[in-house]
There are 2 protein chains.
Amino acid sequence: MDSTPRVKMEDVARTAGVSVATVSKVVNGRYGVAQATLTRVQEVIDELGYEASLGARSLRSHRTNVLGILVAEFEPFSTELLKGASSAVGSTGYELLAYSGGGRGADVGWERRYLSRLSGTLIDGAIIVTPTVVEANTGVPVVAVDPHTGPTGLPTVDSDNFAGAVLATEHLIGLGHRRIGFLGGRLDLESARLREDGFRKAMDTAGLPVDEALVAVGGYRPETADGPARVLLGRADRPTAVFAANDLSAIQVMAVAVELGMTVPDDLSVIGFDNVPESALASPPLTTINQPLQEMGAEALRLLVDLIDGKERSTHLRLPTELVLRASCAPPRH
Amino acid sequence: MDSTPRVKMEDVARTAGVSVATVSKVVNGRYGVAQATLTRVQEVIDELGYEASLGARSLRSHRTNVLGILVAEFEPFSTELLKGASSAVGSTGYELLAYSGGGRGADVGWERRYLSRLSGTLIDGAIIVTPTVVEANTGVPVVAVDPHTGPTGLPTVDSDNFAGAVLATEHLIGLGHRRIGFLGGRLDLESARLREDGFRKAMDTAGLPVDEALVAVGGYRPETADGPARVLLGRADRPTAVFAANDLSAIQVMAVAVELGMTVPDDLSVIGFDNVPESALASPPLTTINQPLQEMGAEALRLLVDLIDGKERSTHLRLPTELVLRASCAPPRH
DNA sequence: ATGAAAGCGCTAACAA
DNA sequence: TTGTTAGCGCTTTCAT
C-alpha cells in the first residue's frame, strides 16, 4: 500500500554514477563540481523528483532556512498572525513551519517543549505565540507575540492592550452604561492583566465604582468563558454591559445572553477585543477593539529575521489598537 | 548571543550516570528499565528540561506522531482548514505541523517538493491543500483537499462546487440579472472547472446565453483577479452582476467597481464562493456560497488518521454548499 | 574534481 | 536491567 519509498540521495548518486558527496554538492550549489557532472546529476534529480529530507539535512547542517511559528492551537488569533507572517516571509527566502500540539489549550510549558523539539535542528528561529513560560536561553533566536511577562527578556511584539481596554470601557460608559461587567482573559498573560487594568482605569476616570462581583475570569476561550458568563448574567443585579477580554469570549457572552432570553444589544451590550474575522460574523456583529494581528505577525517575522542576521533592533514593538464599531453595543434601556 | 546550546540526550545520560540507550528507553516508555533508574532519569530530564529533537528522532524511528498540512500559503482558505484540522486533532494524540513556502503562490510542483522534504522522516501522513500535481506514490498516506483532478487517485475531501455555483448563478438570475459575468478561478484546479460548469449550467437552464466576453480567469488571488476585473467592468456593455469564483477575487471585484465609480450592489451585484470570514468583513458584506471549510479540514484529518491506521474508508468526501445572503447583491437597476 | 569516512542526535537490535 | 553497536539520510572535511 505504501508504494514507492522516498527517493533518497543515494538513489540519485547511484543512478548518476557518482558519490552521494557529489550529489550533495550539486544540491547545495557548492563549488568543485565539473559542469558535465553537474548537468547530469541535475537531470537525474529532476527525473527522479528528488528533494532532500528536511529532517536528515537539518540534523547535520544546522541551517535550514525554515522559520517556526509555535502555537498552542490553530484558532482565529494565531491564524491571523500566521497570515501576516506568511505574507512577510515571501521576500525573505525562508519557508514557514507552524507547529501546534493537539489543541485543548495545550498543557503548561508547551512552548518550551515545542521549542526544544524543533530548535537546534529543524528551524533557524521561532515565533512563539502567547507563551507563558518565557526562557531566554534557547538554541535559536526567538520572538514572542503577546507573552506572559510583557516586554522583558525575549524580543516581543504586542499591541497597546491597556489603551485598547480604556477605549472599550469608555465606549460603554459613553453610551450611558454604569453597571459594566468585565470578563477577563488568561491570568497568565500580560495582555489579560493590561486589559483589566485599562478597564479599571477608565472606570476610575469616569468616577464609576467597579463592582467586584461583576469581574470574572473567562480565560480567552469559549469553553472557559461559558461558566463565568452564566454566573455574571444570571445575577439579579446583572450588568447592562459586558467588556469581554477577547472576541471569542465576547461571542460566548452573547450566546449565553440569548440563551437566557436577552437580546443584544437591547438588553445587554457586549464589546470584545482582538477584532478577529469571526467577530464580524457574529450576530449581532461584535463591536470590538482592533489589534492589527496580521501586521503583528509580519513584524514578528521581520524582527526574527533581523535577529538571525545579527542585526540589532529595538527589541519590543507595540502596535496601536482602535475601536471598531459594529452592532453589539447600545445605550442601556433602563 | 546564542546562549545555552540545546540539551541533548547525551547530557541527560551523563548527568544521570546512565547510557543514552537507557535514557531513550525512559523517554519512549520502553520496558526493561529498573524503577529506580527510571525515576532518576526522569528527574534529570525534568531538571534539564530535555525534549527529544524531532529531526533526529524521526530520522531513526519513522514514526513521529506528527501530521503535516502542506499549503502554498497561509491565506483565509487554508487557515480555515487549519482551524478545522486543529480542532479534530485534539482527540487523536497526533500533533500538527503546517508547512508553507514563501508565499507568492509558490511555484508549480510545490506540493511534491514539500512532501518529499517532510515525508519519510518528519511526518506520518499529510493533508495537501489545493495540489495540482497529484502523485499517488508517496512514502506516507496523503489526503488532498480541493485538488486538481477531482476524485481520482488520492483520497480527497472537497465540497459540492458544481451545485454551489448553480446556486450562486440562480440567485443572480432570480434577482433579475441577465448580463452576468464570471470571473473564474485557477485553471489547474478541479473546483474552478466545476464552478464554471455550474455557472454555465444555470445560465443554460434559465435560457440565458453566456456572453464569452464576460467570462474571464481571475486565478483565485486578489492580485491575479485585479486585471481581469478591470477589463470586465471597463466594458461599455459591462455586466450588471459578477459571479467570482472565490471570495478573495469577489472582494477584489468590489474594490475595482468602487474605483471605477460604481456602487455595490446598486450598480453591480457581486457574489463570491467559499464564505471565508473575510467575506463578512467586506463592505458591503459579500453574498457568497458557503463551503464548510472547517469541517472539511476536520474530515480530512480524520480520513488521514484512518488511512494511517489502515482502516479502509470511502476515499472521497463531498460536503454540501449553501447560499449565504449578505449585502452585495440586488436587482439590476436597469 | 571526486569520493571515503566521520558524525549530527537519536532508536533499536543485540550482548553482556 | 543495562550498555554496546549500528545505522537513519544527509553534509562536510580531507584524501585522492
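So that the names make sense, note that chain A is the first sequence line, chain B the second, and so on, each numbered from 1.
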Judged by modelled atom types alone, do B/Ser191 and B/Tyr220 share a side-chain donor-acceptor pair under 3.5 Å?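 Yes, B/Tyr220 and B/Ser191 have a side-chain donor paired with an acceptor closer than 3.5 Å.
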
Under 4.0 Å from OP1 or OP2 of [N]: is there any side-chain N or O of [X] that close?
X: A/Ser61; N: D/dT11; result: no
X: B/Thr22; N: D/dG3; result: yes
X: B/Thr37; N: D/dT2; result: yes
X: A/Arg57; N: D/dG9; result: no

Could you please name the option among D/dT11, C/dG3, D/dG9 that lies closest to any side-chain atom of A/Met9?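 It is D/dT11.
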
Could you work out which one of D/dG3, C/dA12, D/dC10 sits closest to the side chain of B/Lys25?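 Ranking D/dG3, C/dA12, D/dC10 by closest atom to the B/Lys25 side chain puts D/dG3 first.
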
Between B/Glu51 and A/Val20, which is nearer to the 5' end of DNA chain C once each is assigned its nearest nucleotide?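 Final value for this comparison: A/Val20.
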
How would you label the contact of [X] with the nucleic acid (heavy atoms, under 4.0 Å): base, sugar-phosphate, or nothing?
X: B/Val27; answer: nothing
X: B/Tyr50; answer: sugar-phosphate
X: A/Ser24; answer: base
X: A/Ala21; answer: base

Take atom [atom1] of [X] and atom [atom2] of [N], then tell me their distance rounded to the nearest Å.
X: A/Gln35; N: C/dA1; atom1: CD; atom2: C1'; answer: 13 Å
X: A/Leu122; N: C/dC8; atom1: CG; atom2: C1'; answer: 12 Å
X: A/Arg30; N: D/dC14; atom1: CZ; atom2: C1'; answer: 16 Å
X: B/Tyr31; N: D/dT1; atom1: OH; atom2: P; answer: 12 Å
X: A/Asp11; N: D/dG9; atom1: CG; atom2: P; answer: 9 Å
X: B/Glu10; N: D/dG3; atom1: CD; atom2: P; answer: 14 Å
X: B/Asn28; N: C/dG9; atom1: CG; atom2: P; answer: 17 Å
X: A/Lys8; N: D/dT11; atom1: NZ; atom2: P; answer: 14 Å

Test side-chain contact (heavy atoms from CB on, under 4.5 Å) on B/Thr64 and B/Leu122 and set out the steps. CA-CA 6 Å; B/Thr64 59; B/Leu122 291 176; 5.6 Å; no

Please figure out whether B/Val18 or B/Arg60 has its closest DNA chain D nucleotide nearer the 5' end.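 The answer here is B/Val18.
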
If you assign B/His62 and B/Leu38 each to the DNA chain D nucleotide with the nearest heavy atom, which residue ends up on the more 5' nucleotide?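 Looking at DNA chain D, the more 5' nearest nucleotide goes with B/Leu38.
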
Before giving the answer on side chain to side chain donor-acceptor pair (under 3.5 Å), spell out for B/Gln42 and B/Thr39 the whole-Å C-alpha distance, their side-chain angles and the decisive distance to 0.1 Å. CA-CA 5 Å; B/Gln42 193 57 60; B/Thr39 311; over 6 Å; no

For the pair B/Arg221 and B/Glu223, find out whether any cationic side-chain nitrogen is under 4.0 Å from an anionic carboxylate oxygen.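 So B/Arg221 pairs with B/Glu223 through a salt bridge.
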
In terms of side-chain geometry, is the basic nitrogen of B/Arg117 or A/Glu95 positioned less than 4.0 Å from the acidic oxygen of its partner?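 Between A/Glu95 and B/Arg117 there is a salt bridge, with a charged N closer than 4.0 Å to a carboxylate O.
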
Side chain B/Asp124, main chain B/Asn65, donor-acceptor under 3.5 Å: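 Judged by distance alone, yes, a pair lies under 3.5 Å.
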
